[in-house]
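To start, the structure under review is shown below, and the notes come after it.
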Amino acid sequence: MKGKKIVLGITGSIAAYKSAVLARLLVKAGAEVQVVMTPAAKEFIAPLTLSTLTGPAVLSEFFEERSGSWNSHVDLGVWADAMVIAPATASTLGKMANGIADNLLVTTYLSCRAPVFVAPAMDLDMFAHPSTKRSLETLASWGVHIIEPKEGELASHLVGKGRMAEPEEIFQTLEKYFDGPAKKTLEGLSVLMTSGPTYEKIDPVRFIGNYSSGKMGKAIAEELAERGAKVTFVSGPVESLPKSDNIHVVSVESAEEMYRACLSVRDEYDVAVFCAAVADYRVATPNDHKIKREQVGALSLDLIPNPDISAELGKLKSAKQWHIGFALETNAESEAVIDKMSRKHLDMIVLNSLQNEGAGFKVDTNKVTIFDALNGGTVDLPLMSKRNVAKAIVDRMEELRFI
Ligand code: CTP
């Protein structure tokens, strides 16, 4: 994406606020971004927000009233290496499909020689309308790339037709277009992964859990799958799951379920990546009925240890299997990591440090240090998006010839 010139078209949909995230992702990846907005888009997001993120002033009108200068859609169309319209409303799609060039955005599209991507955004009925369908079919037949949301398994109920693809998905589509598909260096490799939090039941409506979002695990699974590995992805309850033909998702809730799912494939994997934030304890006897406040008064729960999945599988692993763990330490980091590595028979540990801003739970960035048991080396990575951290981790696995 570095140095690529992108025209980012924004139209009047409530999803317009997400274009700010897309603009930021593009700029962070080194692209030059020129935003073009329709007049309606400016009702949803301020041009200043976008120009602050991207640099150049946002273009919207044919003429700049103040200076009298003309914004040339032809120049823009020639300048661009790609044009991406996100969100693209039914109205803009219709205009594009019919050459109705009544604003700068559609004229730029008509002049554009570069590939064009659109991310439709509208409500279900508008999306299902034959006119929208026809616009999209027409545009697709001219080679316009239509970006629709990917559906994760658990999250599928949240994905309504017509909802705009997430900025990250749009970015990935562009990145793949420019950088080409990843080399299939991991074809034939079988990987077991754990990811996400575990929920330990207290009663039918309550549980003990943790803040893990599973984002890091998802990014690693997608990176492995993209390089051709087959991944069994055992995940605790999360909002968004990875999706790929190479990823088989096994959804679980508790640590014990996660442990059983892993045990059942113990002879089938070459590499295991233990990314899950497994609860170390569970309630000894969860209540069958909802615990009532009046009945118990002060409440204490009896907690018993959960299986340590990585340690148990570590005891069973063959010489050919490689194990990679994660650690989150708050003090004496290196010693704790080295100790954990030998205790759990891990070959590599990715240390998340909570001491770094922008790292850890719920955020899209992370800062990690990779320790390996082969040569006792450590690699310190800078603060990066979780996706790039995933790439770096898989690169390191390849370098160490685990895979
Ligand atoms: N892990 C696991 N099963 C558990 C606990 C942890 O598989 N019951 C794995 C994690 O997925 C991670 C690694 O072990 O890869 C280290 O997790 P961490 O929570 O740092 O380790 P703990 O063993 O819980 O150590 P601590 O004493 O620091 O809590």
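Start at 1 and go down the list; that is how both ligands and their atoms are numbered.
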| said: Could you tell me if Ser254 and Lys201 have a donor-acceptor pair between their side chains, going purely by distance under 3.5 Å? | reply: no
| Least distance between heavy atoms, Lys184 atom then Ala225 atom | NZ-O, 4.5 Å
| query | Would a 4.5 Å heavy-atom cut-off, applied to side chains only, mark Tyr281 and Glu200 as touching? | reply | no
| query | For Lys290, does the NZ atom sit with more than 12 other heavy atoms under 6.0 Å from it, leaving out its own atoms? | reply | no
| query | Can you list the atoms of ligand 1 that are under 4.0 Å from a heavy atom of Leu328? | reply | 20 (O)
| For atom 11 (O) of ligand 1, the protein heavy atom that lies nearest, with its residue and separation | Ala276 O, 2.7 Å
| request: Would you confirm whether any non-hydrogen atom of the protein falls under 4.0 Å from atom 19 (O) of ligand 1? | output: no
| task | Specify the closest pair of heavy atoms between Pro120 and Ile147, including all atoms of both residues, with the distance to one decimal. | result | CD-O, 3.4 Å
| Nearest-neighbour protein heavy atom for atom 16 (C) of ligand 1, which is reported as residue plus atom name and distance | Phe326 O, 2.9 Å
| What protein heavy atom sits nearest atom 9 (C) of ligand 1, and how far off is it? | Ser310 OG, 3.5 Å
| said: Less than 4.0 angstrom from a charged side-chain N to a carboxylate O is my criterion; do Lys42 and Glu61 meet it? | reply: yes
| query | Does the side chain of Ser244 pick up a donor-acceptor pair with the side chain of Glu222 at under 3.5 Å? | reply | no
| said: If the cut-off is 4.0 Å to any non-hydrogen atom of Lys344, which atoms of ligand 1 fall inside it? | reply: 1 (N), 6 (C), 9 (C), 13 (C), 14 (O), 16 (C), 21 (O), 22 (P), 23 (O)
| message | Regarding ligand 1, does Ala277 bring an N or O atom to under 3.5 Å of one of the ligand's N or O atoms? | response | no
| query | Can you tell me which residue and heavy atom of the protein come closest to atom 29 (O) of ligand 1, and the distance to 0.1 Å? | reply | Asp280 OD2, 3.7 Å
| query | Which residue and non-hydrogen atom of the protein lie closest to atom 4 (C) of ligand 1, and at what distance in Å? | reply | Val278 CB, 3.5 Å
| request: Mark up the atoms of ligand 1 that fall under 4.0 Å of a heavy atom belonging to Gly325, in ascending order. | output: 15 (O)
| atom 28 (O) of ligand 1 [closest protein heavy-atom partner, distance rounded to 0.1 Å] | Lys340 NZ, 3.0 Å
| So is Ile309 polar-close to ligand 1, meaning N/O to N/O under 3.5 Å? | yes
| query | Heavy-atom distance from atom 24 (O) of ligand 1 to the protein below 4.0 Å? | reply | yes
| query | At a 4.0 Å threshold, what atoms of ligand 1 neighbour a non-hydrogen atom of Ala327? | reply | 20 (O)
| request: Check the angle between the aromatic planes of Phe117 and Tyr177 and answer parallel, tilted or perpendicular using the 30° and 60° thresholds. | output: perpendicular
| message | For atom 8 (N) of ligand 1, what's the nearest protein heavy-atom neighbour? Residue, atom name and distance, please. | response | Pro307 O, 3.0 Å
| said: Aromatic contact between Phe233 and His248, with the criterion being ring centroids under 6.0 Å apart: yes or no? | reply: no
| message | Between Asp380 and Thr378, do the side chains contain a donor N or O and an acceptor N or O under 3.5 Å apart? | response | no
